[in-house]
Amino acid sequence: LLSTWAKAHPASWRSAVSGALASNVATIVQYFVIIAVVDPRLLQELLPSLGSAAGVSVLLTAAFTWWQAPGDAAPEKSGRAFRLWAALGFALVFSLVSIASAALRERMGSTGIVLVSTLAALVDAHSTAGSVAAQYRDARLDAHTAELAIIAALSANTLTKIVLAWSGRQVKYGLCVTASVLLIAAAAWLGF
């Protein structure tokens, strides 16, 4: 985790913030791709929200990349590009969100879908976006509910990122990441 790296390399905390914010750019790009593949019509509805969030995310990433101190070391790359367990987890969360949304839609209507999407995004926001887009495509959700569910999921995932940002107990890193992801979420809501 970048929070742990920031604590181990306190002089290079800006590099870690830049990496964390680049991860937010990637998350939003993945939202775009997943939703476009499942139902491009929903992407049209989400362009103001996701576009605002993407713009703020790119600006903040660029600002922290530019603000790095001379000699800041970037965190070393490790691991693989594809992780089998992550892919299986995505499929599992996607399936569970779809099943739970269908069950709650019968009992609670659109409120249940937004609730399930929000809770599932605490673990994996991407599968939530895919599940909601599939329900929209199949005319089981209206555009407003689908957009609300996806923005709520993005916001819930922001809470997860805040918790992870503080897990390394590096104050500058935690404060900067927290403020930045809150701004990104706020931009999505303003676009809504």
Side-chain angles (χ1 to χ4, degrees), residues 2-3 17-65 90 93-94 96-98 100-101 104-105 108-137 139-167 173-192:
L2 288 171
S3 59
V17 171
S18 181
L21 296 178
S23 170
N24 283 289
V25 173
T27 295
I28 296 169
V29 167
Q30 289 173 341
Y31 266 67
F32 274 108
V33 171
I34 291 167
I35 294 166
V37 167
V38 177
D39 193 330
R41 296 172 306 138
L42 180 59
L43 186 58
Q44 289 294 325
E45 298 288 334
L46 285 161
L47 274 179
S49 300
L50 291 181
S52 297
V56 170
S57 189
V58 167
L59 287 173
L60 289 168
T61 302
F64 274 96
T65 300
F90 177 92
V93 172
F94 181 93
L96 291 175
V97 168
S98 297
S101 294
L104 284 176
R105 186 179 65 246
M108 299 175 64
S110 59
T111 304
I113 293 166
V114 173
L115 179 64
V116 167
S117 298
T118 302
L119 293 175
L122 292 170
V123 177
D124 184 353
H126 309 102
S127 57
T128 300
S131 176
V132 169
Q135 291 180 62
Y136 176 79
R137 179 196 61 213
R140 291 182 283 165
L141 281 181
D142 62 277
H144 179 76
T145 303
E147 188 176 1
L148 180 60
I150 288 173
I151 296 170
L154 180 68
S155 299
N157 193 253
T158 295
L159 295 176
T160 301
K161 290 177 180 181
I162 290 170
V163 169
L164 291 174
W166 288 98
S167 67
Y173 175 85
L175 286 173
C176 290
V177 170
T178 298
S180 297
V181 296
L182 288 173
L183 284 172
I184 293 165
W189 284 105
L190 286 174
F192 181 62

Next on the checklist: Closer than 3.5 angstrom, by distance alone: can the side chain of Thr158 be matched with the main-chain N or O of Leu154 as a donor-acceptor pair?
Outcome noted: yes

Checklist entry - When you measure from the side chain of Asn24 to the backbone N and O of Ala20, does any donor-acceptor pair fall under 3.5 Å? => result yes

Next on the checklist: Could you walk me through whether Phe64 and Leu59 satisfy the side chain to side chain contact (heavy atoms under 4.5 Å, CB included) test, starting with their C-alpha distance in whole Å, then the side-chain angles of each, then the deciding distance to 0.1 Å, before giving a yes or no?
Outcome noted: CA-CA 9 Å; Phe64 274 96; Leu59 287 173; over 6 Å; no

Checklist entry - Are any side-chain N or O atoms of Thr61 and backbone N or O atoms of Ser18, one a donor and one an acceptor, separated by less than 3.5 Å? => result no

Checklist entry - Under 4.5 Å between any side-chain heavy atoms of Ile35 and Leu50, yes or no? => result yes

Checklist entry - Is any side-chain heavy atom of Pro48 less than 4.5 Å from a side-chain heavy atom of Phe192? => result no

Quiz: residues 176-185 side-chain donor-acceptor pairs under 3.5 angstrom, not counting sequence neighbours:
unit_1, atom_1, unit_2, atom_2, d
Thr178, OG1, Trp166, NE1, 2.8
Thr178, OG1, Gly174, O, 2.7
Ser180, OG, Cys176, O, 2.8

Next on the checklist: Show the nearest heavy-atom pair for residues Ala36 and Leu43, with the distance to one decimal.
Outcome noted: CB-CD2, 3.6 Å

Next on the checklist: Could you measure the distance from the CG atom of Leu148 to the OG atom of Ser155? Nearest 0.5 Å is fine.
Outcome noted: 9.5 Å

Checklist outcome for this item: Checking Val29, Thr27, Ile34 against Tyr31 for side-chain contact (heavy atoms from CB on, under 4.5 Å), the one that qualifies is Thr27

Checklist entry - Which side chain to side chain donor-acceptor pair (under 3.5 Å) pairs, counting each pair once, include a residue from residues 42-54, with sequence neighbours left out? => result Ser49-Glu147

Checklist entry - Is the ring centre of Tyr136 less than 6.0 Å from the ring centre of His144? => result no

Checklist entry - Does Leu42 reach the side chain of Ile150, with side-chain heavy atoms less than 4.5 Å apart? => result yes

Next on the checklist: I'd like to know if the side chain of Thr145 reaches the main chain of Leu141, judged simply by a donor and an acceptor atom lying under 3.5 Å from each other, with no hydrogens or angles considered.
Outcome noted: no

Item to check | Shortest non-hydrogen separation from Val114 to Ala152 and the atoms involved | outcome: CG1-CB, 4.1 Å

Item to check | Any donor-acceptor N/O pair, Ser57 side chain to Ala54 backbone, under 3.5 Å | outcome: no

